[in-house]
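In this chain, residues are counted from 1 in sequence order. Only this structure's heavy atoms are used, side chains among them; waters, hydrogens and symmetry mates stay out.
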Amino acid sequence: MKVFYLYILTLWTQISFAQKTFIFPKIKTQGTAVEQLTPASWKVIDQVNGDLNNDGSADLAVVFEYSKAVDETRAYGDNSNAFIKETQKPRILAIFFRDKSTGVLSLSTQNNDFILRSEEGGKLGDPLQQMAIKDQQLYLRFQGGSEWRWELGYTFKFENKDWFLTSAINLYYNQNNGDMTERVYDFKTRELFTTVGNLHRRDIGNKKTSEVLYFSQLRTFKTFKKPWAWEIMPDVYL
């Protein structure tokens, strides 16, 4: 009988744990205003309008944040087996195309992972710095750290019915003395441009190199989980 009760207790614990797994809402597929598209208990923390599919209409990219902090398992390292459990407010990136004639917004993609959370910037605070639309591309910028700081920038473009990462920048520098390493990635031309030197003397004595980028195929929101989750070269994460 004791074994039976122990089994029931173990099973109940497993079920209770499973029930605590946070479930992201499905963003509405259509609407005319961001207020209609915002899920209950979520709020808009950033939004930007601009043409993303070359039809001349003002499309919409928006970041939603949940009202409460919950336990999340976030990917780091190689995107497949380096996971860290964190307690913070989840975020969602949603991109909508606007019909030029009706003004209706239609959901193009929902991503629950890529936008860094407010606690993932270290001592600098919220790492989400900028979201912009330019030349039919979506720009996302993050920064964080302390004495040693980092800046990450990603550019996505809608092509062939998917969102592809076309370029990126990774800057790592010391706030006090300016020592830095900057890597600029052009995934269209498969080129990497690296600058090593000092942030305050970019054109004096800094070493600049270029090399070929080797990767199998362009990453998308589906295959690039989040910042710091792609080991693009040995010990180099983007």
Inset, instruction - Could you list the residues that satisfy salt bridge (charged side-chain N to carboxylate O under 4.0 Å, His left out) with D113, not counting sequence neighbours? - result: K225
Legend entry - Between S106 and Q30: side-chain donor-acceptor atoms closer than 3.5 Å: yes
Legend entry - Donor-acceptor pair, side chain of D51 and main chain of G56, under 3.5 angstrom: yes
Inset, instruction - Treat each ILVMFWY residue as a node, draw an edge where side-chain heavy atoms are under 4.5 Å apart, and state whether L238 and Y172 are in one component. - result: yes
Legend entry - R98 (side chain) donor-acceptor with G103 (main chain) under 3.5 angstrom: yes
Inset, instruction - Can you measure from CD1 (I27) to OG1 (T38) and round to the nearest 0.5 angstrom? - result: 7.5 Å
Inset, instruction - Please name all residues satisfying salt bridge (charged side-chain N to carboxylate O under 4.0 Å, His left out) with K28, sequence neighbours left out, ordered by chain then number. - result: none
Legend entry - Which residues share a side chain to side chain contact (heavy atoms under 4.5 Å, CB included) with K43, sequence neighbours left out: I45, E65
Legend entry - Sub-4.5 Å side-chain heavy-atom contact between F114 and L140: yes
Legend entry - Test item: side-chain donor near acceptor, S167 and D186, under 3.5 Å: no
Inset, instruction - List the steps and the verdict of ring-ring contact (aromatic ring centres under 6.0 Å, His included) for F187 and F164. - result: CA-CA 10 Å; F187 296 105; F164 290 93; over 10 Å; no
Inset, instruction - Just do the ring-ring contact (aromatic ring centres under 6.0 Å, His included) check on F224 and Y154 with the steps written out, would you? - result: CA-CA 11 Å; F224 186 10; Y154 305 91; 5.7 Å; yes
Legend entry - Side-chain donor/acceptor of Q36 to backbone N/O of T32, under 3.5 Å: yes
Inset, instruction - Inspect the contact between E119 and K89 and indicate whether a charged nitrogen and a carboxylate oxygen are less than 4.0 angstrom apart. - result: no
Legend entry - Intermediate values then yes/no, salt bridge (Lys or Arg N to Asp or Glu O under 4.0 Å), K100 and D59: CA-CA 9 Å; K100 195 171 184 178; D59 303 314; over 6 Å; no
Legend entry - Set of residues satisfying side-chain hydrogen bond (donor to acceptor under 3.5 Å, both in side chains) with respect to N176, sequence neighbours excluded: E147
Inset, instruction - Answer yes or no: is there a donor N or O on one side and an acceptor on the other, between the side chain of E151 and the main chain of Q143, under 3.5 Å? - result: no
Inset, instruction - Examine distances only and state if a side-chain atom of D135 and a backbone atom of Q137 form a donor-acceptor pair shorter than 3.5 Å. - result: no
Inset, instruction - Please report the closest heavy-atom contact between S146 and K123, naming both atoms and the distance. - result: OG-CD, 3.3 Å
Legend entry - is_close_aromatic(W230, Y237), centroid dist under 6.0 Å: no
Inset, instruction - Compare all side-chain heavy atoms of D55 with those of D99 and state whether any distance is below 4.5 angstrom. - result: no
Inset, instruction - Side-chain contact test, heavy atoms from C-beta onward, threshold under 4.5 Å: evaluate it for Q136 versus L52 and give yes or no. - result: no
Inset, instruction - Drop me the distance from D179's CG to H200's NE2, to the nearest 0.5 angstrom. - result: 9.0 Å
Inset, instruction - May I ask you to test the W42-P90 pair for a side-chain heavy-atom distance under 4.5 Å? - result: yes
Inset, instruction - Report yes or no: do E191 and S210 form a side-chain donor-acceptor pair below 3.5 Å? - result: no
Legend entry - Sidechain N-carboxylate O distance under 4.0 Å for R190, E211: no
Inset, instruction - Before giving the answer on side-chain contact (heavy atoms from CB on, under 4.5 Å), spell out for T87 and V70 the whole-Å C-alpha distance, their side-chain angles and the decisive distance to 0.1 Å. - result: CA-CA 5 Å; T87 302; V70 301; over 6 Å; no
Inset, instruction - Determine whether V196 and V236 fall in the same hydrophobic cluster, where Ile, Leu, Val, Met, Phe, Trp and Tyr are linked whenever their side-chain heavy atoms lie under 4.5 Å apart. - result: no
Inset, instruction - Can you measure from CG (L138) to CG (L93) and round to the nearest 0.5 angstrom? - result: 6.5 Å
Inset, instruction - Answer yes or no: is there a donor N or O on one side and an acceptor on the other, between the side chain of E72 and the main chain of A69, under 3.5 Å? - result: no
Legend entry - Contacts of type side chain to side chain contact (heavy atoms under 4.5 Å, CB included), residue T209, not counting sequence neighbours: T194, K207
Inset, instruction - Work out which heavy atom in L218 is nearest to a heavy atom in K188; give both atom names and the distance. - result: CD1-NZ, 4.5 Å
Legend entry - Sub-4.5 Å side-chain heavy-atom contact between L128 and I115: yes
Legend entry - Closest approach of W150 to G145 (non-hydrogen atoms, all atoms of both residues): NE1-N, 3.5 Å
Inset, instruction - May I ask you to decide if W163's main-chain N or O and E159's side chain share a donor-acceptor pair within less than 3.5 Å? - result: no
Inset, instruction - Check for a donor-acceptor pair, side chain of R91 on one end and backbone N or O of L116 on the other, with a separation under 3.5 Å. - result: yes
Inset, instruction - State yes or no: do L107 and L37 share one hydrophobic cluster built from I, L, V, M, F, W and Y residues joined by side-chain heavy-atom distances below 4.5 Å, directly or via other members? - result: yes
Legend entry - Spatial distance of atom NZ (K226) from atom CG (L152) [nearest 0.5 Å]: 9.5 Å
Inset, instruction - Measure the shortest side-chain to side-chain distance between R74 and K85 over non-hydrogen atoms and say whether it is less than 4.5 angstrom. - result: no
Legend entry - Whichever hydrophobic residues join V184 through chains of side-chain contacts under 4.5 Å: I169, F193
Legend entry - same_hphob_cluster(I95, V104) at 4.5 Å side-chain heavy-atom cutoff: no
Inset, instruction - Go through the steps for D71 and E86 under the test side-chain contact (heavy atoms from CB on, under 4.5 Å), then give the verdict. - result: CA-CA 6 Å; D71 290 338; E86 298 175 337; over 6 Å; no
Legend entry - Heavy-atom side-chain contact between T189 and L213 under 4.5 Å: no
Legend entry - Ring centers of F158, F97 separated by less than 6.0 Å: yes
Legend entry - Same apolar cluster: L124 and W228, side chain cutoff 4.5 Å: no
Legend entry - V48 to A132 - nearest heavy-atom pair and separation: CG2-CA, 4.1 Å
Inset, instruction - Indicate whether any N or O donor in one side chain lies under 3.5 Å from an N or O acceptor in the other, for Q47 and N49. - result: no
Inset, instruction - Indicate yes or no: at least one non-hydrogen side-chain atom of M180 is less than 4.5 angstrom from one of N206. - result: yes
Inset, instruction - Please confirm whether F24 and Y66 have ring centers closer than 6.0 angstrom. - result: no
Inset, instruction - Identify the two heavy atoms, one from P127 and one from S118, that lie closest to each other, and give their separation to 0.1 Å. - result: CD-O, 3.8 Å
Inset, instruction - Output yes when a side-chain donor or acceptor of N111 lies under 3.5 Å from a complementary backbone atom of A94, and no otherwise. - result: no
Legend entry - Nearest-0.5 Å distance that lies between atom CD in E182 and atom NZ in K208: 8.5 Å
Inset, instruction - Using distance alone, with no hydrogens and no angle criterion, decide if S41 and S67 have a side-chain donor and acceptor under 3.5 Å apart. - result: no
Inset, instruction - Kindly compute the distance separating CD1 (I92) from NZ (K26), expressed to the nearest 0.5 Å. - result: 12.5 Å
